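Model, not experiment: these values are computed from the prediction.
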Amino acid sequence: MQNRTLTNIDRHKITTDPTFRHRSGPDSGTHLAALRKTLRNTGRLDPVLVWQEVDAKGNPTGRFVLIDGHYRLAAYRAEQSAGKIEGRGIPTVLLTGNRIDAHLAALMANSKDTLPLTIQERLNAAWKLVMTYRNAISKPRLARATGVAERTIGNMRQQLRKFNEAGETPDGNWMIDRRFPITNDYEPPSDAARQEMVATLSQALKAALNEVRTRDIEIIGDALQEALGVRQFASVADYLGGGDSEDGGTAWMEPDMNEGGFLDDYDHDFKDSPTRPVEVTPRLN
């Protein structure tokens, strides 16, 4: 059972682990610069999320692992090193629990100071956890954490069985692995090329919608289905997280980026907070 407490941790005691980073592409210098500016102007950012690591038997390893807030941590470290903020303490939400809890918390964390994962990054993150933990994480729990449809997670489990039966190792990119065992020469475009294609198609779709001048979701949906064909349209809906809604509404058309945050759905406050800081709260210039 996981608990969360609000505290301060020395920046030198917080370590990073690449297994908790699901973002693809290069880091955003612009975002980091914006956070540093916000920190200088306001004196604070939202706390980072840190896991008090335990081993498979539940024994503490002594490591404090960052699971959400890489840019915020970098901003605090940069401003403290530059002497803009005194002290070495980083405002932290400290998470206790097992490794699965930590992985799911990292995916669910979302605040105004973070860059939300893209749909493709969330799919790859879900696929990674399916490959790592198989059926140890329930489909509803994994769906809530990633914003990926339960049906898609079920498909991932089926695909993993295909890989295991064939004695093959998945690539790790869901857009490639979902086609297994069919092989072809398809290679996903680079992040830059993909973004350019998305922008071009987005502008074309916006122009078409503006020309028709309708906000009727059913008309738009029927038009997209007629243009794409039933099978491809179903694939698009599945990619966006659809297929699990009982009321047939349109909530599936956007990924659930607001699920979770620092608190679980059933939590109303931090557990055992406030707590004694690991280091005295840093003074701000």
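To the nearest 0.5 Å, atom CG of residue Leu32 and atom OH of residue Tyr71 are 7.5 Å apart. Annotation: the span from Asn124 atom CG to Met156 atom CE amounts to 7.5 Å, rounded to 0.5 Å. Taken from CG in Leu160 to CG in Asn155, the straight-line distance is 12.5 Å, to the nearest 0.5 Å. Taking CG from Asp171 and CH2 from Trp127, the interatomic distance works out to 10.0 Å, rounded to the nearest 0.5 Å. Note that the CG atom of Asp55 and the OG1 atom of Thr61 stand 7.5 Å from one another [nearest 0.5 Å].
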Item checked: Residue pair Arg99, Glu53: steps toward the salt bridge (Lys or Arg N to Asp or Glu O under 4.0 Å) verdict -> CA-CA 8 Å; Arg99 183 166 289 270; Glu53 186 182 55; 2.9 Å; yes
Note to self: Set out, in order, the CA-CA distance, both residues' side-chain angles and the distance that settles side-chain contact (heavy atoms from CB on, under 4.5 Å) for Lys139 and Asn135, then state yes or no.
What the structure shows: CA-CA 8 Å; Lys139 287 194 293 184; Asn135 297 338; over 6 Å; no
Note to self: Pair Val50, Ile67 - check side-chain contact (heavy atoms from CB on, under 4.5 Å), show working.
What the structure shows: CA-CA 6 Å; Val50 172; Ile67 62 175; over 6 Å; no
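Under the 4.5 Å side-chain heavy-atom criterion for Ile, Leu, Val, Met, Phe, Trp and Tyr, Val198 and Ile119 are members of distinct hydrophobic clusters.
Arg4 and Asp101 are not joined by a salt bridge, as no carboxylate oxygen comes within less than 4.0 angstrom of a charged side-chain nitrogen.
The shortest non-hydrogen separation linking Val148 to Ala126 is CG2-CB, 4.1 Å.
Thr15 is linked by a side chain to side chain contact (heavy atoms under 4.5 Å, CB included) to Arg63, Val65, counting only residues two or more places apart in sequence or in another chain.
Counting only heavy atoms from C-beta outward, the side chains of Pro181 and Phe163 never approach each other to under 4.5 Å. Proximity of Ile90 to Leu73: side-chain heavy atoms (C-beta onward) are separated by under 4.5 Å at one or more points.
The salt bridge (charged side-chain N to carboxylate O under 4.0 Å, His left out) test with Glu79 singles out one residue from Arg11, Lys84, Arg36, and that residue is Arg36.
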Side-chain donor-acceptor pairs of residues 211-227 under 3.5 Å, sequence neighbours excluded:
| from | atom 1 | to | atom 2 | distance (Å) |
| --- | --- | --- | --- | --- |
| Thr214 | OG1 | Asp216 | N | 3.1 |
| Asp216 | OD1 | Glu218 | N | 2.9 |
| Asp216 | OD1 | Ile219 | N | 3.2 |

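Arg134 CZ: 12 or fewer foreign heavy atoms inside a 6.0 Å radius.
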